[in-house]
Each structure stands twice: as structure tokens, then as C-alpha cells.
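Below, chains carry the letters A, B, ... as their sequence lines are ordered, and counting in each starts from 1.
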Amino acid sequence: RLEEVPLEVLRQRESKWLDMLNNWDKWMAKKHKKIRLRCQKGIPPSLRGRAWQYLSGSKVKLEQNMGKFDELDLLPGEPKWLDVIERDLHRQFPFHEMFVSRGGHGQQDLFRVLKAYTLYRPEEGYCQAQAPIAAVLLMHMPAEQAFWCLVQICEKYLPGYYSEKLEAIQLDGQILFSLLHKVSPVAYKHLSKQKIDPILYMTEWFMCAFSRTLPWSSVLRVWDMFVCEGVKIIFRVGLVLLKHTLGSSDKLKSCQGQYETMERLRALSPKIMQETFLVQEV
Amino acid sequence: LANFFELKSSDFLFKFLVIGNAGTGKSCLLHQFIEKKFKDDSNHTIGVEFGSKIINVGGKYVKLQIWDTAGQERFRSVTRSYYRGAAGALLVYDITSRETYNALTNWLTDARMLASQNIVIILCGNKKDLDADREVTFLEASRFAQENELMFLETSALTGENVEEAFVQCARKILNKIESGELDPERMGSGIQYGDAALRQLRSPRRAQAQSAQECGC
């Protein structure tokens, strides 16, 4: 269901991206707007992993911490974290060929990256929502690179989302809800009336950066923008989904009760998650 | 036509929770109950999943709305907000993991405090099929259940053993409590609502009377 980008357009984009990546500091300093625009159009698949590392700053982070990952990789790790991580290894994108086989390369790398994080930030340990994030990264880059990208996401992009009390996610839930008031008063009123707290529907959306919600082609497009512009993209996607699911009295007819509304938000219409529509709305 | 069957009327509607540590098989129990299949490739739950099903308990149709929650400790602050108004709960541990069993008291306190004092809970020792790796004996768990006034079953989401029973037994106990007057469906936050069939009866008093006359035929 990927939308085809014509081959010559793709080649053009690739050479533009190559030029950017080869002169990254200059581009970041002088033409950030242009980078943003190109991320919105979608990063060419062949360069996506590399681009994410540049955009997130994980490339620099790795260069500043040469050998750190290997060091963490050799340590045994805390049993209480290892136990939970191991329970989750076969539960990330089980249909993706990389993660299909138990104990296969994908699952092994996932284990290494998540374990390394619990050693890097022992006070935070492992949060189950980190696994899908790490898995998406591993589909695009080797373990060491994925580790530093995960570090950037956990510390710079979504700080506090995965730590002990999950306070940051609850706070962002409230912010999302007050933004909804402006974006779609109908949806806002409906959710208020049914006393549906934002964390009831946005936890997985935000903590997994939509990687388990949207169709795959849309996940990649959203991540291209997210890695470039940060958490505001996640908010915008959330608002688009809410607005187009609960934003008119017509749509609310089948959402009489709290449970029905929640069910509707769990089973979003494919039309509104389709990449072109979604990216345009965002 | 499919819609027609979904609209099958129910007498009651119960809100149920599935709680317990991460990786004990909560979502698989729910899937087995609803689809009668084992879900081998399921994601772990972040936040909440749902399912609903109408079951027949002693001639009454009960619609269960089941909220399946994330198990990891740190999601507790988030999942607590799902508890409100639950009438029943499956409290799940993994018979091959002592740690998941040791956590039961915490889950129990949370459920009774946040859902309702009267919540009916059935303890489920899941992964019964992995008897060779057992770390928690049946006897030990049934004692725990007795001490804490829980019903108890060992279940297998893999084979389906006792899965339907767990939900049905829990629903039956709630129905009994309603009939004995111990639970009042009309009270706010009871987690119980009248289903559409019962509402129709309430709206046409003559039929309701006829029905109660029949029931009094004991």
C-alpha cells in the first residue's frame, strides 16, 4: 500500500539528500527550513536510517562516545530488567522478517540495545514502550547507531515519557486535550462529557510515536517529520486523528458510551491514517 | 445481517478488567475468550486493549466489556484510570513465575481501592500448559485465593482450558450478588448496567410483571 514515488523523482531526492548529508553542518546552519520541507516530503528509503541519525543528533552523540556501546554491551545487566526485556523480544513487529524468528538477529539486537539503555540510565531502567521505538530504529540501522538514536529520543525528543511515574506522558495528555479544545470543540466536548481522560487513548500513540497505530508507510512519513521537528508532530498527528474520528455530530452517533468511543479510537478509519491524507493534514 | 446478530439483546452489561504483571498472558486470555484462538504473535499492551462478548449465564444474557491493561509496574499510574466502575476482574499471574505471583497483593489492593470495594475478582494462574516449569503450586494459590476471598482457576490461554470458565464464573457471581440484593445495578459506579433487553422490559411494565410472576412460581 506504499504510495509510489516515480523513480526519477526518487533519484533526484536521493541526490539532494546525499548533498545535504555530505554538507550537513552548513545545511543545518543556513537552510534548516529546506531540510524541514524535505523531511515533510519523505526521506528516500535508502537514506532514511542515515538521515535519522543526522537529524536526531545521534551521529554526533556516537562520535562523542566512541566505544561506550561496546562497553555496555559486554556488561551482564540487571536481572529484573532482563526478565521483562526478554518477555517482550518476540512481541515487537512479529510480522517483520527481521523480528520473526525467536532468537534471530533482530531479536538479539533488540535485546542488546534495550539492555544497554538500562545500563546507560540505571535509574530509568526499561520501559515497555521503548521496545517498539528501538525496533523501528533497528529496521533502519545497526545496533550501536540504533542505541544512540534511542538515547536521543528518550532524552531529547520525549524526555520523561519512559521514566518511573510516567508523569511527562500524563502532562502531555492534558496539553493535547487543551489543544483539542481549539482544534475540534465537538470532539473536545464529547470526550469531556464521557469523562475520557487523555491517557486512556493517547498513551500508546505518544509513547510509541504512532509506530503501532498507523499503517507502515504513514509511520515512516510521520517519523521523518518527528525526527526533524520533534514532539509537536506527535501532537499534530494526535489532533488530526481525534478531529477526524470524533469531530462531527454525525461521527458521534455510534459513540454513545465511553466504551464505544474508546473502541472507535482503538480502531481508527484507514482513510484518515493513509499517508498522503495524514501528512497533508499534519 | 452481521449487525443483526451483534444487536442480540442482553440483560446486563458488566465492565471487566484484566490485571496482573507483564507477560502473564492477559491479552492472550482475552483473545482466547473472544476469538477462541491462541494469539501467538501479539504485541505487548501499552495502555489498554478492549474486547466485548455476550455470554449466557443461567439463562440471562450478559454483555461483558473487558478492559485489558498494560502489566508493567510503571504503567500502573496510567492504567489505574481504567479501573473506575469495574464490576469484575481477572487477576492474572503466571504459574511458571514466582515473581508474578508475589505481585498479586499489590494488584488486589489497587483493584479494591480504585474499582470498587465490591468488585468480584477471580484469580487466574495462567500458562497451566507449562506444568514442567511450574513455580507456584495449585494448593498455595488456592489458599491465597481463599484468604483474600477470590475465586480461583488455573487457566491456559494456549489450549483454552478454563478461559471461558473464568469469565463466566466471575459473571455468575456478580449476577448472584445482584439477585441477593448485595449489589445494586442502579448504584453509580457499580460497573453494572441493564442491557437493552432488560431496559425494554422496564419500559413495558406489563411484560416485566408477567416475567416476575413467572419467576415467583418457585
Side-chain angles (χ1 to χ4, degrees), chain A residues 79-81 83-96 99-100 102 124-133 135 161-167 169-170 173 195-208 211-213 254 257-267, chain B residues 3 6-7 13-17 21-28 39-53 63-86 94 96-100 102-103 127 188-189 191 193 195-196:
Chain A
K80 71 164 175 179
W81 298 129
D83 183 56
V84 201
I85 293 173
E86 269 162 13
R87 279 173 186 264
D88 286 346
L89 292 178
H90 65 284
R91 304 202 278 181
Q92 311 310 320
F93 303 98
F95 295 109
H96 193 283
F99 297 103
V100 119
R102 289 218 182 199
E124 278 192 35
Y126 166 64
C127 172
Q128 286 192 304
Q130 286 171 320
I133 299 277
Y161 269 31
Y162 308 104
S163 48
E164 202 46 55
K165 299 261 186 245
L166 306 183
E167 274 156 355
I169 193 83
Q170 299 185 49
K195 297 200 175 66
I196 300 180
D197 198 278
I199 52 171
L200 289 175
Y201 51 84
M202 55 76 77
T203 309
E204 182 179 329
W205 292 358
F206 276 51
M207 291 187 93
C208 305
S211 61
R212 301 206 321 185
T213 308
S254 57
Q258 193 192 52
Y259 185 86
E260 286 74 21
T261 304
M262 291 291 296
E263 239 176 0
R264 174 59 53 87
L265 288 172
R266 288 291 308 171
Chain B
N3 267 340
E6 276 169 29
L7 287 170
L13 193 153
F14 296 165
K15 176 173 172 179
F16 265 42
L17 298 172
N21 268 22
T24 50
K26 296 178 292 300
S27 303
C28 290
K39 200 166 185 224
D40 194 20
D41 48 21
S42 61
N43 277 322
H44 61 303
T45 309
I46 289 168
V48 70
E49 306 277 343
F50 306 98
S52 76
K53 189 173 176 175
K63 183 170 184 180
L64 301 183
Q65 282 185 346
I66 307 153
W67 300 56
D68 166 29
T69 61
Q72 197 186 12
E73 171 73 34
R74 70 183 59 182
F75 284 98
R76 206 83 66 98
S77 54
V78 166
T79 48
R80 280 163 163 220
S81 52
Y82 309 126
Y83 285 28
R84 199 178 340 151
D94 169 358
T96 71
S97 159
R98 164 108 357 223
E99 206 190 321
T100 66
N102 291 341
K127 309 199 187 175
M188 286 279 284
Q193 289 171 30
D196 36 10

What part of A:Ala267 gets within 4.5 angstrom of chain B, counting heavy atoms only: side chain, backbone, both, or neither?
neither
Under a 4.5 Å cutoff for heavy-atom pairs, which residue among B:Ala22, B:Ala70, B:Gly71 has the most contacts with chain A?
B:Ala22
Select all residues of residues 201-208 of chain A having any heavy atom within less than 4.5 Å of some heavy atom of chain B, and report them by number, or 'none'.
A:Thr203, A:Glu204, A:Met207, A:Cys208
The interface call for B:Leu13 against chain A, heavy-atom contacts under 4.5 Å, is neither
Give a yes or no on whether a salt bridge exists between A:Arg266 and A:Glu263, defined as a side-chain N under 4.0 angstrom from a carboxylate O.
no
Let me confirm one number: the CD1-OG1 distance from B:Ile46 to B:Thr69, rounded to the nearest 0.5 Å.
13.0 Å
Minimal non-hydrogen separation, B:Ser77 against A:Gln170, with atom names:
OG-NE2, 3.4 Å
Using the test side chain to side chain contact (heavy atoms under 4.5 Å, CB included), find all partners of B:Thr45 that sit at least two apart in sequence or belong to another chain.
B:Ser27, B:Glu49, B:Asp68
Engaged part of B:Thr100 at the chain A interface, taking heavy atoms whose separation is under 4.5 Å:
side chain
Looking at B:Asp94 and A:Arg87, is there a salt bridge between them, counting it only when a charged N and a carboxylate O are closer than 4.0 Å?
yes
Region of A:Gln128 that comes under 4.5 Å of a non-hydrogen atom in chain B:
both
Output field: ring centroids B:Trp67/B:Phe16 closer than 6.0 Å:
no
Out of A:Glu167, A:Lys195, A:Glu124, return the one with the most heavy atom pairs under 4.5 angstrom to chain B.
A:Glu124
Under 4.5 Å from any heavy atom of chain B, what part of A:Gln258 do you find: side chain, backbone, both or neither?
side chain
Between CG on residue B:Leu17 and OH on residue B:Tyr82, distance to nearest 0.5 Å:
11.0 Å
Separation between NZ of B:Lys53 and CG of B:Leu64, rounded to the nearest 0.5 Å
9.0 Å
Counting N and O atoms only, with roles assigned by atom type, does the side chain of A:Gln130 sit under 3.5 Å from a partner on the main chain of A:Tyr126, one being a donor and the other an acceptor?
no
Atom pair CZ (A:Arg91) and NE2 (B:His44), whose distance is rounded to the nearest 0.5 Å:
6.5 Å
What part of A:Glu86 lies closer than 4.5 angstrom to a heavy atom of chain B: side chain, backbone, both or neither?
neither
